[in-house]
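The block underneath contains the structure these notes are about, expressed in structure tokens.
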Amino acid sequence: MSDAPAKPISDTKGKDKETLVSIVKEMTESMTGAQSTRHWAEDALWFDIPPFASRGIQPALKFFDRVFGSFQSCKVDILETDVVVNGDMGLVCTIQRVNVVLKTGDAKRLVVRETDCFERRNGEWRLIHQHASVPSGGDWDGKVTTA
């Protein structure tokens, strides 16, 4: 048995990457809990910007429906996308600009970093973990600084 690290399984045709990006885009366009969690695994773990975390779809469904119910409109622009697929695991990391108008007329704008972790189960990609965050300490322009 070799001690060499396993080689990543590449998605040479990019089909898996395209599928995962389309799922993330679909989630950004959703306005109900059912739409938002359509591709989630039953045991999905979720951490979001408001101080909220859940395991499983039901708590997230209720949370999404309550939050989306307070929106007059919500537009999400994906500014940057990084995708990694290795066999039956996939990661999609995005930077998103979120513009929300509440039913009260108040407008909110955020730049968000979201990481969506997927596992292929029974031939279908299922979201198993989602983490959304905003940098602490004020406004962020969405640029990632690299070395």
Side-chain angles (χ1 to χ4, degrees), residues 8-147:
I9 301 168
S10 63
D11 176 22
T12 55
K13 296 183 181 174
K15 186 176 183 325
D16 289 331
K17 288 181 180 181
E18 288 178 20
T19 299
L20 294 177
V21 168
S22 70
I23 291 170
V24 170
K25 183 166 177 25
E26 179 183 324
M27 289 189 299
T28 67
E29 295 171 349
S30 66
M31 286 296 290
T32 68
Q35 289 172 331
S36 294
T37 60
R38 190 169 91 85
H39 297 282
W40 286 29
E42 287 295 324
D43 59 345
L45 181 61
W46 178 51
F47 286 81
D48 203 359
I49 295 159
F52 189 85
S54 66
R55 180 173 298 281
I57 294 175
Q58 291 308 313
L61 271 169
K62 290 177 187 174
F63 182 85
F64 280 132
D65 283 341
R66 184 171 45 86
V67 170
F68 289 143
S70 69
F71 291 178
Q72 182 178 352
S73 65
C74 178
K75 178 161 180 5
V76 178
D77 296 307
I78 297 176
L79 305 177
E80 189 174 318
T81 304
D82 292 310
V83 184
V84 175
V85 174
N86 189 345
D88 288 334
M89 298 298 295
L91 297 171
V92 181
C93 299
T94 55
I95 297 174
Q96 304 174 3
R97 181 177 37 237
V98 181
N99 292 294
V100 174
V101 178
L102 300 172
K103 288 183 176 175
T104 63
D106 293 335
K108 297 184 182 257
R109 180 177 179 264
L110 294 169
V111 178
V112 177
R113 171 70 174 191
E114 182 170 298
T115 302
D116 297 299
C117 305
F118 293 90
E119 182 178 27
R120 190 180 351 240
R121 295 181 177 179
N122 299 317
E124 292 186 26
W125 286 106
R126 292 290 176 202
L127 183 131
I128 58 171
H129 177 78
Q130 182 181 80
H131 184 101
S133 60
V134 295
S136 62
D139 289 334
W140 178 48
D141 61 7
K143 293 180 181 156
V144 175
T145 303
T146 58

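These numbers come from a predicted model, not from an experiment.
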Got a second to check how far [X]'s [atom1] is from [Y]'s [atom2], nearest 0.5 Å?
X    : Y    : atom1 : atom2 : result
E80  : R97  : CD    : CZ    : 12.5 Å
D43  : R121 : CG    : CZ    : 4.5 Å
M27  : F64  : CE    : CZ    : 8.5 Å
E26  : S36  : CD    : OG    : 9.5 Å
Q96  : K75  : CD    : NZ    : 11.5 Å
L127 : H39  : CG    : NE2   : 10.0 Å

Heavy-atom side-chain contact between F71 and L102 under 4.5 Å: yes

Quick one, V76 and E29 - any side-chain contact, counting heavy atoms below 4.5 Å? no

For residues [X] and [Y], report the shortest heavy-atom separation together with the two atoms involved.
X    : Y    : answer
G105 : V101 : O-CG1, 4.2 Å
A34  : L61  : N-CD2, 3.2 Å
R38  : R126 : O-NH1, 3.0 Å
W125 : G87  : CH2-O, 3.7 Å

Tell me whether D65 contacts the main-chain N or O of G33 through its side chain, where contact means a donor paired with an acceptor under 3.5 Å.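 Present.
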
May I ask you to decide if G69's main-chain N or O and K103's side chain share a donor-acceptor pair within less than 3.5 Å?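 Yes.
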
If you draw a 6.0 Å radius around CD in Q72, do more than 12 non-hydrogen atoms from other residues or ligands fall strictly inside? yes

